[in-house]
Amino acid sequence: MIEGGWGYIWAAYGVTWMVLILYGIYVFKSPNSHLQ
Amino acid sequence: MSPIVQARGLCRRFGQRWAYAHIDLEVAEGERVLLIGANGSGKTTLLRSIATLLQPSLGQLSLFGMDPKTHCIDIRQKIGLLSHMTGLYEDLSAADNLTVFGRLTGSGRVDVREVLERVGLIDRRDPIGGYSAGMRRRLSLAHLLLRTPQLTLLDEPFASLDPEGVAAVGKIISQMPGTVIMASHQVQQAAAISNRTVLMESGQIRWMGPATNAWSAWRSSQVGEG
Amino acid sequence: MSPLTQSAHQVLSILKKDLLIEWRARTRVLSLLCFTAIILLLFSFAVGPDTATLRRHCGGYLWLSLLFCSTAMLSRSLRIEEESGAMDSLLLAPISPIWIFLGKATANAIELFIIGLMTLPICFALCDVAIADSAWRLLVIIALGSAGLAAPGTLFATITERIQGQVLLMPLLLFPLVVPMLLAAVKSTSLILTGDLMDEGGDWLTLLVFFNAMYWPLCGVLFERVVEV
Amino acid sequence: MKWFHISAVMGVSLLCIGHGLGLFVAPPEAMMGDVGRILYVHVPTAWVALVVYLISFGAAVGSLWFGRLTWDATVRASVEVGVVLTALLVFQGSVWARPTWGVWWAWDPRLTTTAIMMITYVAILIMRNAIQDSPRRLVITAVATIVAFVDVPIVYFSVKWWKSLHQDHSSPDTVSDPMILPLRLAAIGMLLLALGLIGARRKTELDRLNQEVDPASLPEPIEALSVPGESE
């Protein structure tokens, strides 16, 4: 049994959520901004 | 008898620019069509699209009654193209190049010698890397003569040829069987051996008519601009 | 002649054409050999002079240098076709693109095999190893490895040469793909050089054969689509 | 309000519930204790990444077969979402490897295959940007995606063989009953979110592709030339 390790858990979850949210904003916010 | 080449509303885009647009062209069996126009008027791009090497962005193109998107390989085997590039290997000599391609089309050593004779390159042994532009042009033509395509596409056949070469090539082209579509700047020589002329301007067909009016059409298109 | 011999004849003529070009420009093959030798030397410098590690990783160094050499060779072999417009002539010739691929890929495989053979003595000298197992098996491995590199390599070299992209694209696409081939080749070569204790060389050989059996037909079919457009 | 908006919203909510349950309600994992809770984000990402690459493979085959831009846009969108998921997967994998095996990078066959997949698919996106010609870009992207996907199982098995010859300690996958619910919820959530992202990205790409070959941008047909001394 590895004690604690919540640091790693928050790292994994935090980064995953942050990336998904940032990517989601990039994808959903600007459907037309890509058009030259 | 369905036309050899049938193009309707053909357009081709390169990045932000339309190389050619609204091309409606029909070429019947045995016709000799001459494409004339300033540099960058889309002649070369159109020729490569007809040769199925460059897919048009819009419009329908049918060759020998078939659609290039589905029967690409069968169509290509009936087409011969003389492009700006030699289409041969720089490291090999003239005879080697033609033997290599001759093996694919089933023409033997005799045909190679005979064809080299016709274009006057029989005595060269060195790799074609060292050939002059005129000799390369003759060699590409020799390669074209090795196989008898039903549709021959010539991009600037007279380019960088000496006067004697122009006459010789003119004769060779007039004796070519099947249909010929040619793009050239030597309007008079080319018009002499073709029966129909298409004047292209900034990617579109400006005028189409018999080859006899080719020179006057070219003149008035220039005057119009001036 | 029947279509089978006719297509075989066409593949052979493409193969002969490629080998003729390589023969006429022999200095290029020599430069590739020096390129491979230099990389081998660099590995030795990087690892340090103690022959123990060199001897252990000799298979790895050999195959990594062959991998880098293959990218240089493959992209140049296709550049010759595209630059002079020879590929257009081939495509307009009465031959199916699959045969063109088979001819070219086989020629590239043969050339890689020859360079591999010529690199062996250099590698043995540098890493001070001797063939513990049968030499024939080593030749088979080098042949299969070269073929495994040539098939996807020819396909991706054709792709990257037809787009005016940077030269870096080809290795970037090829290396991740040939990881299984690299693993199998390095493992089986090392087993030959350092003795095959648990007799697992056979497994790696089957993986090499499977990799080739998978990629030659797949790359052939996809090559046809790539040159069609 | 397109389908992919709904799919994304449902995905995010399911993901929240799944992660919430996984982090706070579910019991700590038998072998690894609390740190095992990374399972609820790592395993769904892995499953969904594979599904997304399967979609890209299917779309690539369709794109080669039909040659229409809609398929091409799907290939591009699914490859891009796949790359994002794989990048997350590699990060999570190494974060999980640290406490369990004490190293940032364990030569675990799955982790190594994921890293290789990520590089291959990023290379495909890079190559796609280098091509301007629309039909050629469609074919080359599809071809590269097919070859990359075919390579995944081979890489996995060869790495598995290669690694298992060294030391064999694959991570324990014992998933006890109470953990099933949050895991499944998170997986479905992640899948819906991924599908939403693909849908949105596909629409943007499709607009860009159509805008590129847009008939409206065609130049006006020029008027024919009247040549003196001609009947026309």
With a 4.5 Å cut-off on side-chain heavy atoms, are D:M127 and C:L173 touching? yes

If you tally heavy-atom pairs under 4.5 Å against chain C, which of D:V152, D:V122, D:D133, D:I154 wins? D:I154

Where does D:L138 contact chain C at under 4.5 Å (heavy atoms): side chain, backbone, both or neither? neither

Please flag which part of C:L222 lies under 4.5 Å from any non-hydrogen atom of chain D: side chain, backbone, both or neither. both

The interface call for C:V226 against chain D, heavy-atom contacts under 4.5 Å, is both

Interatomic distance, C:R225 atom CZ to D:S63 atom OG [nearest 0.5 angstrom]: 8.5 Å

Determine, stepwise, if the pair D:V147 / C:Y215 fulfils side chain to side chain contact (heavy atoms under 4.5 Å, CB included). CA-CA 9 Å; D:V147 175; C:Y215 270 97; 3.7 Å; yes

Please look at C:L172 and chain D and tell me whether the side chain, the backbone, both or neither of the residue comes under 4.5 angstrom of a heavy atom of that chain. both

Which atoms of C:F211 come close to chain D, meaning under 4.5 Å heavy atom to heavy atom: side chain ones, backbone ones, both, or neither? side chain

Please report the closest heavy-atom contact between C:P176 and D:I119, naming both atoms and the distance. CG-CG2, 3.9 Å

Restricting to non-hydrogen atoms, name the atom on D:V150 and the atom on C:M214 that form the minimum distance, rounded to 0.1 Å. CG1-SD, 3.8 Å

Between C:R162 and D:R136, which heavy-atom pair has the shortest distance, and what is it? O-NH1, 3.1 Å

Below 4.5 Å from any heavy atom of chain D, which atoms of C:L174 appear? Answer side chain, backbone, both or neither. neither

If you count heavy-atom pairs within less than 4.5 Å of chain C, which of D:I124, D:T120, D:V143 leads? D:V143

D:W161 CH2 to C:L207 CG distance, which is reported to the nearest 0.5 Å: 5.5 Å

Mark yes when over 12 heavy atoms from residues, nucleotides or ligands other than D:W65 sit less than 6.0 Å from its CH2; otherwise mark no. no

Heavy-atom proximity to chain D below 4.5 Å, by part of C:F223: neither

Using heavy-atom distances under 4.5 Å, tell me whether D:V155 contacts chain C through its side chain, its backbone, both, or neither. both

If every non-hydrogen atom of D:A123 is compared with every non-hydrogen atom of C:L169, which pair is closest and at what distance? O-CD2, 4.4 Å

Compare every heavy atom of C:F156 with every heavy atom of D:A144, then report the nearest pair and how far apart it is. CB-CE2, 4.4 Å

Considering non-hydrogen atoms only, spot the tightest contact between C:L177 and D:A148 and give its length. CD2-CA, 4.4 Å

